[in-house]
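Below: one structure, written as C-alpha cells.
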Amino acid sequence: MTVVYDLWFEREYPDREDTELHIGIYPTNADAAEAIARLRDQPGFRDFPDGFNIYPVTLGVTGWQGGFVTEFVPAKELDATDRPA
C-alpha cells in the first residue's frame, strides 16, 4: 500500500477554537519536512514553530469504519467532540 505524508499546522488555545491549518499532502516525509522548512519563518508560523505535524496516511484505507458517537462536554453545553465509536 502507498503511504503519503499529510502536513498540518495545529495550535491549541484554552479559551477559543483551536487552529488547524491543512498545509498539504506529500509523497515523502522528506518533502513534508522541506515544506516546514520553507514555512517556518513566515508570519504566524514563526511564532509557533512546534505547531507542525506530519501524519503518515495509507492510501485506500477507510477510516471510521465503526461509525462514531458524539460526547458532549458537561462544562460547556454547546461544545462537543466526535470520536470513533
For this session: Quick one: list whatever passes side chain to side chain contact (heavy atoms under 4.5 Å, CB included) with T58, sequence neighbours left out.
Result: M1, V3, V61

Exercise. Measuring from E12:CD to T19:OG1, what's the distance to the nearest 0.5 Å?
Worked result: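 The distance works out to 10.5 Å.
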
Exercise. How far does CD1 of I54 sit from CG of N29, to the nearest 0.5 angstrom?
Worked result: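 The CG atom of N29 is 4.5 Å from CD1 of I54, to the nearest 0.5 Å.
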
Exercise. Which residue pairs satisfy the ring-ring contact (aromatic ring centres under 6.0 Å, His included) criterion with at least one member in residues 11-37, sequence neighbours excluded?
Worked result: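 Output for this query lists W8-H22.
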
Seminar exercise, completed: Minimal heavy-atom distance between Y5 and P56, with the atoms involved, is CE2-CB, 3.9 Å

Seminar exercise, completed: The side chain to side chain donor-acceptor pair (under 3.5 Å) partners of E10 (sequence neighbours excluded) come to N53, Y55

Exercise. For I25, what are the other residues in its hydrophobic cluster, where any two members join if their side-chain heavy atoms are less than 4.5 angstrom apart?
Worked result: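 Members besides I25, by chain and number: V4, V57, L59.
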
Considering only distance and modelled atom types, tabulate donor-acceptor pairs under 3.5 Å from the side chains of residues 31-51, sequence neighbours left out.
residue : atom : partner : partner atom : Å
D31     : OD2  : T28     : OG1          : 3.0
R40     : NH1  : P49     : O            : 3.1
R46     : NH1  : D41     : O            : 2.9

